[in-house]
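Since the structure comes first, as structure tokens, the remarks are kept for the end.
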Amino acid sequence: MIEVTLETLQMSLVSPHRIVVLREVDVEHYLPIWIGPCEAEAIANRLNHIEIPRPQTHDLLVHVLDVLDADLLYIHINALTDNTFFARLVLDVNAQRVEVDCRPSDAIAIAVRLDVPIYVAEEVMEEAGVYPERDLMPQGQEDKDLSVFRDFLSTLDDASPSNKDG
């Protein structure tokens, strides 16, 4: 498993498509995943510390885990099949490990609420991960600048996302 962090959430003002971008820890290796607008909003609200008067679905699940005394250990984006990503919530329930199938977007929305690690299967990162091309970076540009990756995102065809959240 490869640990990743949530690097950015890209939202288009002219289309309903959203992309969450995960970055491998300590490496410039990115995993873009197309997600729905509701899940993108749920992630963005939490990242921006926006309080919603009533619990949304992801907040509800966090409350259910709390009431059941279950701990979310981490999320695992574990498969990519037919251009659809799959994930699992990995829980500790009564000292037993329990895995629950989940869409990556929902898993990420829950993970940001509970501040738990995000992992990606090595084969998923190998198949769908993106390395920015160093040749395209201007001389002297810092490694943390994502302009090359944003250029890559702008070239994607909005009409037909190839990698999507299941």
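Applying the ring pair (Phe, Tyr, Trp, His ring centres under 6.0 Å) criterion to H29, with sequence neighbours excluded, gives Y131. When the side chain to side chain contact (heavy atoms under 4.5 Å, CB included) test is applied to I52, the partners found at least two apart in sequence or on another chain are N45, I50, Q56. For the side chain to side chain contact (heavy atoms under 4.5 Å, CB included) test, residues two or more places apart in sequence or in another chain that qualify with L60 are V64.
Taken to the nearest 0.5 Å, the OG1 atom of T5 stands 9.0 Å off from the CG atom of D26. In this structure, CG in L91 is found 11.5 Å from CD1 in I75, a value given to the nearest 0.5 Å. For the atom pair I33 CD1 and L9 CG, the distance stands at 11.5 Å (nearest 0.5 Å). Taken from CG in D92 to CG in L72, the straight-line distance is 10.5 Å, to the nearest 0.5 Å. Taking CD1 from I2 and CG from L31, the interatomic distance works out to 9.5 Å, rounded to the nearest 0.5 Å. Taking CZ of R18 as the start and CH2 of W34 as the end, the distance is 10.5 Å to the nearest 0.5 Å.
Applying the salt bridge (charged side-chain N to carboxylate O under 4.0 Å, His left out) rule to pairs touching residues 39-65 yields E39-R103, D59-R113, sequence neighbours excluded. Sequence neighbours left out, the pairs with a member in residues 65-81 that pass side chain to side chain donor-acceptor pair (under 3.5 Å) are Y74-R97. Applying the ring pair (Phe, Tyr, Trp, His ring centres under 6.0 Å) test to residues at least two apart or on different chains, none of the pairs has a partner in residues 40-72.
In terms of heavy-atom proximity, A70 sits nearest to V93 at CB-CG2, 3.8 Å. Smallest separation of non-hydrogen atoms from M11 and A44: CE-CB, 3.7 Å. Here the closest heavy-atom approach between residue I19 and residue P32 is recorded as CG2-CB, 3.8 Å. Taking both residues in full, the closest heavy atoms of L6 and V112 are given as CD2-CG1, 4.0 Å, listed atom of the first, atom of the second, then distance. Here the shortest heavy-atom pairing between I118 and A111 reads CG1-CB, 4.2 Å. Between L80 and N83 the shortest heavy-atom distance is CD1-C, 3.7 Å.
Hydrophobic clustering keeps L65 apart from V90 (ILVMFWY residues linked when any side-chain heavy atoms are closer than 4.5 Å, directly or through intermediates). Taking hydrophobic clusters as Ile, Leu, Val, Met, Phe, Trp and Tyr residues chained together by side-chain heavy-atom distances below 4.5 Å, V4 shares a cluster with V116. Linking Ile, Leu, Val, Met, Phe, Trp and Tyr residues whenever their side-chain heavy atoms come within less than 4.5 Å leaves V20 and Y119 in two separate clusters. Linking ILVMFWY side-chain heavy atoms closer than 4.5 Å, directly or via other members, places V98 and V62 in a single hydrophobic cluster.
In this structure, P104 and F86 have side chains that are not in contact, with every pair of non-hydrogen atoms separated by 4.5 Å or more. A heavy-atom distance below 4.5 Å is found between the side chains of L22 and I108. Counting only heavy atoms from C-beta outward, the side chains of I35 and I43 approach each other to under 4.5 Å.
Counting non-hydrogen atoms of neighbouring residues, nucleotides and ligands closer than 6.0 angstrom, the CG atom of N48 exceeds 12 such neighbours. In E126, the CD atom is not crowded: 12 or fewer heavy atoms of neighbouring residues, nucleotides or ligands sit closer than 6.0 Å.
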